[in-house]
Amino acid sequence: MALHEFRKIVKRATREQRHNLGELTGSGFGSDPDTLCNHIRYLRAGSIGQLFWDESWKQVVTDVADHVGIDWLALLNGRRWKHLKTDEIETAIVAKVFQDMFDRLTPEQREQVVLEMKRSSDDPNFTGLLLTGGALAAARASGFGVYLIASTILGGLTSTLGITLPFAAYMGMSQVIALTIGPVGWLALFGGLAFTLNQPNWQRLTLGVVYVSVIRNTPARG
């Protein structure tokens, strides 16, 4: 079944998480699981193409990974694509988007972002990996590492794209990124807003992949 994995993720997500995913991906018809699945089809294949499109969530994530330019050789590490788990590719996307954003900051701004992250992470190696260009290694270190990096990416969008999401805890570092990159920088990162009838909306799809990583790695509430 197309998007079977995606459907399972959003079905077990909270109502708030589905709402946030709908906001980020621009779903204008609600955020129930079936609607979100149909919207992903639309974003990937267009208004006409969605009628014939029947690929998996892993394929969607792979297409986004190609678009943002992840290092496939490093990710595969001698394996074949079929042996990769979907969440591994999602994590690589989160790391690549964050690294692209991080590289745009001044050394002082990078230190500020890392300092804010250090306050949220218990892993002493986490921030060191970020400073040495190891966003992927930092994300792989733990599920919370992926959550923290993905939340930082999305937190920067709250003021840049006018989307209200519950990432207030990360706004110290997110505001630095949002103010430095700005709307033009976001368009450059995600490939612009252009979306014709049967062309993928890479910006919305990338945001969707990043937020699915948040859903997968949200810390359990005590």
Side-chain angles (χ1 to χ4, degrees), residues 1-68 86-87 89-91 93-94 96-98 101 146-147 149-168 170-171 174 178 183 185-218:
M1 182 191 298
L3 297 179
H4 174 69
E5 183 178 4
F6 177 81
R7 185 185 299 273
K8 286 178 63 177
I9 293 168
V10 297
K11 283 189 74 172
R12 66 173 178 256
T14 65
R15 181 177 297 179
E16 179 183 42
Q17 287 173 331
R18 286 194 292 269
H19 171 76
N20 293 339
L21 182 57
E23 287 289 302
L24 283 167
T25 58
S27 175
F29 297 97
S31 54
D32 65 84
D34 287 339
T35 298
L36 289 172
C37 285
N38 289 334
H39 188 59
I40 292 296
R41 289 190 186 92
Y42 166 70
L43 292 177
R44 179 60 188 86
S47 57
I48 298 174
Q50 65 179 320
L51 301 175
F52 311 99
W53 188 89
D54 192 36
E55 300 291 343
S56 66
W57 174 241
K58 183 179 180 181
Q59 186 61 59
V60 173
V61 174
T62 296
D63 294 342
V64 171
D66 285 337
H67 182 73
V68 302
T86 309
D87 65 307
I89 309 173
E90 291 168 0
T91 297
I93 291 169
V94 168
K96 180 63 165 62
V97 172
F98 179 85
M101 291 164 40
V146 183
Y147 175 82
I149 293 173
S151 295
T152 300
I153 294 169
L154 297 174
L157 294 175
T158 57
S159 58
T160 305
L161 296 182
I163 302 172
T164 302
L165 292 175
F167 296 114
Y170 308 99
M171 283 309 293
S174 299
W186 281 111
L187 295 183
L189 282 171
F190 291 134
L193 288 169
F195 181 46
T196 57
L197 285 178
N198 287 298
Q199 294 298 314
N201 188 325
W202 295 118
Q203 183 190 48
R204 295 291 188 177
L205 286 170
T206 304
L207 296 179
V209 170
V210 172
Y211 193 70
V212 165
S213 283
V214 170
I215 295 173
R216 285 189 192 268
N217 296 284
T218 297

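- Counting only heavy atoms from C-beta outward, the side chains of R15 and H19 never approach each other to under 4.5 Å.
- In this structure, Y42 and T25 have side chains that are not in contact, with every pair of non-hydrogen atoms separated by 4.5 Å or more.
- Contact detail for T91 and S213: the closest heavy-atom pair is N-OG, 4.3 Å.
- A 4.5 Å side-chain heavy-atom check between D63 and W202 finds at least one atom pair inside the cut-off.
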Give the C-alpha distance, both sets of side-chain angles, the deciding distance and a yes or no for side-chain hydrogen bond (donor to acceptor under 3.5 Å, both in side chains) between E16 and N20.
-> CA-CA 6 Å; E16 179 183 42; N20 293 339; 4.9 Å; no
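- Judged as a side-chain hydrogen bond (donor to acceptor under 3.5 Å, both in side chains), and not counting sequence neighbours, the contacts of T62 are W81.
- Take N38 and apply the side chain to side chain contact (heavy atoms under 4.5 Å, CB included) test, not counting sequence neighbours, and it matches R41.
- For D66, there are no salt bridge (charged side-chain N to carboxylate O under 4.0 Å, His left out) partners, not counting sequence neighbours.
- A search for side chain to side chain contact (heavy atoms under 4.5 Å, CB included) contacts involving A13 returns Q17, R18, I215, not counting sequence neighbours.
- Here CD1 of I9 is found 11.5 Å from CG of L36. Values are rounded to the nearest 0.5 Å.
- Rounded to the nearest 0.5 Å, atoms CG (D87) and CD1 (I93) are 11.5 Å apart.
- Partners of T86 under the side chain to side chain contact (heavy atoms under 4.5 Å, CB included) rule, at least two apart in sequence or in another chain, are E5, W57, K58, V61, E90, R216.
- For the residue pair V146 and V94, the shortest heavy atom distance occurs at O-CG1, 4.3 Å.
- Residue P200 comes nearest to L205 through the heavy atom pair CB-CD1, 4.2 Å, listed as atom of the first residue, atom of the second, then distance.
- In this structure, the side chains of L3 and V60 come closer than 4.5 Å at one or more pairs of heavy atoms.
- To the nearest 0.5 angstrom, Q59 atom CD is 8.5 Å from I89 atom CD1.
- Rounding to the nearest 0.5 angstrom, the gap separating the CD atom in Q50 from the SG atom in C37 is 12.5 Å.
- Residues passing the salt bridge (charged side-chain N to carboxylate O under 4.0 Å, His left out) test with D32: none are found, sequence neighbours excluded.
- Taken to the nearest 0.5 Å, the CG atom of L24 stands 11.5 Å off from the OG atom of S31.
- One distance of note links CD of Q203 with CG of L43; it measures 10.5 Å at 0.5 Å rounding.
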